[in-house]
Amino acid sequence: MQGFYMLAMLRAKRQRRIALLACAAALISAFFAARVWFSAPAVPASTTDLPYIAQAEQDRLVVSRGGEIIIRTDIDVRSLPIADRQALENGILLSDAQSLARLLEDYGS
């Protein structure tokens with residue numbers, strides 16, 4: 001009789017261990033899933049090398065990068081000199097944010 005009791009106890013102990021390992025695996029999986037879910041999306045290195053393009057769109061100055069418009073300004077390009085308007089019609093390539101800031105400051109004032 002004691003032998004069956006001992007076997008039942010060992011079986012229950014093994015089941016508790018299996019349940020504990022399953023719970024630990026679930027917690028670890030949930031941790032890594034939450035970490036991936038709440039992390040910032042990776043930015044490909046190639047998008048940081050893309051130039052800014054300033055151009056005229058519907059008589060307003062628009063700045064795009066990688067084909068996506070990132071800034072729509074209220075700067076009316078009709079008030080700019082003809083050379084600047086023609087350059088904006090073709091699109092002005094700007095290599096970095098500092099040159100973009102200078103252009104917006106020049107055209108905005």
Side-chain angles (χ1 to χ4, degrees):
M1 188 79 142
Q2 262 183 335
F4 289 115
Y5 177 75
M6 292 299 287
L7 287 174
M9 293 301 291
L10 288 175
R11 185 176 181 196
K13 190 175 184 180
R14 188 179 324 128
Q15 287 177 344
R16 280 195 302 265
R17 284 183 186 162
I18 292 172
L20 182 63
L21 286 174
C23 288
L27 284 173
I28 290 170
S29 296
F31 170 76
F32 284 112
R35 186 174 172 192
V36 168
W37 181 263
F38 291 112
S39 67
V43 177
S46 62
T47 59
T48 58
D49 297 337
L50 294 175
Y52 295 97
I53 301 172
Q55 56 194 24
E57 183 178 287
Q58 299 176 353
D59 296 328
R60 297 286 179 213
L61 177 66
V62 175
V63 179
S64 61
R65 187 176 198 181
E68 182 179 339
I69 295 176
I70 57 172
I71 301 173
R72 289 186 191 273
T73 67
D74 289 333
I75 298 171
D76 190 356
V77 296
R78 294 176 293 184
S79 64
L80 300 174
I82 188 92
D84 291 336
R85 279 186 273 163
Q86 289 174 345
L88 286 171
E89 290 298 325
N90 296 330
I92 300 174
L93 292 176
L94 304 162
S95 60
D96 57 1
Q98 291 175 346
S99 56
L100 173 62
R102 279 193 301 266
L103 179 111
L104 291 175
E105 185 179 334
D106 288 344
Y107 288 168
S109 56

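Atom set for the values below is all heavy atoms of this structure, side chains included, hydrogens, waters and symmetry mates excluded. Note that the coordinates shown come from a computational prediction; the quantities given were computed from them, not determined experimentally.
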Minimum heavy-atom separation for [X] to [Y], with atom names?
{"X": "L103", "Y": "A54", "value": "CD2-CB, 3.7 Å"}
{"X": "Q55", "Y": "G91", "value": "CB-CA, 4.2 Å"}
{"X": "E57", "Y": "R72", "value": "OE2-NH1, 2.8 Å"}
{"X": "P51", "Y": "L93", "value": "CG-CD2, 4.2 Å"}
{"X": "D76", "Y": "D59", "value": "OD1-O, 3.0 Å"}
{"X": "S99", "Y": "L94", "value": "OG-CB, 3.6 Å"}

*Say whether, by atom type as modelled, one donor and one acceptor occur between the side chain of T73 and the main chain of L61 under 3.5 angstrom.*
yes
*Return yes if some donor-acceptor pair links the side-chain N/O of R65 with the main-chain N/O of L50 below 3.5 Å, else return no.*
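It does hold such a pair.
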*asked:* Assigning hydrophobic clusters by single linkage (Ile, Leu, Val, Met, Phe, Trp, Tyr; side-chain heavy-atom cutoff under 4.5 Å), is I92 placed with L80?
replied: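 I92 and L80: one cluster.
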_Hydrophobic clusters here meaning ILVMFWY residues chained together by side-chain heavy-atom distances under 4.5 Å, can you tell me if V63 and Y107 are in one?_
yes
*Flag the pair I75 / R60 as yes when at least one side-chain heavy-atom distance between them is below 4.5 Å, and no otherwise.*
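When only atoms from C-beta onward are counted, R60 and I75 do not touch, as no gap falls below 4.5 Å.
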*Find out whether I71 and L100 are in side-chain contact, i.e. whether some heavy atom of one side chain is under 4.5 Å from a heavy atom of the other.*
yes
What pairs of donor and acceptor atoms, side-chain ones from residues 26-39 against any protein atom, are under 3.5 angstrom apart with sequence neighbours left out?
unit_1: S29; atom_1: OG; unit_2: A25; atom_2: O; d: 3.0
unit_1: S39; atom_1: OG; unit_2: V36; atom_2: O; d: 3.0

_Within this structure, what is the CD1-CD distance for the pair I82 and E89, rounded to the nearest 0.5 Å?_
9.5 Å
Distance-only donor-acceptor pairs under 3.5 Å for side chains of residues 6-17, two or more places apart:
none

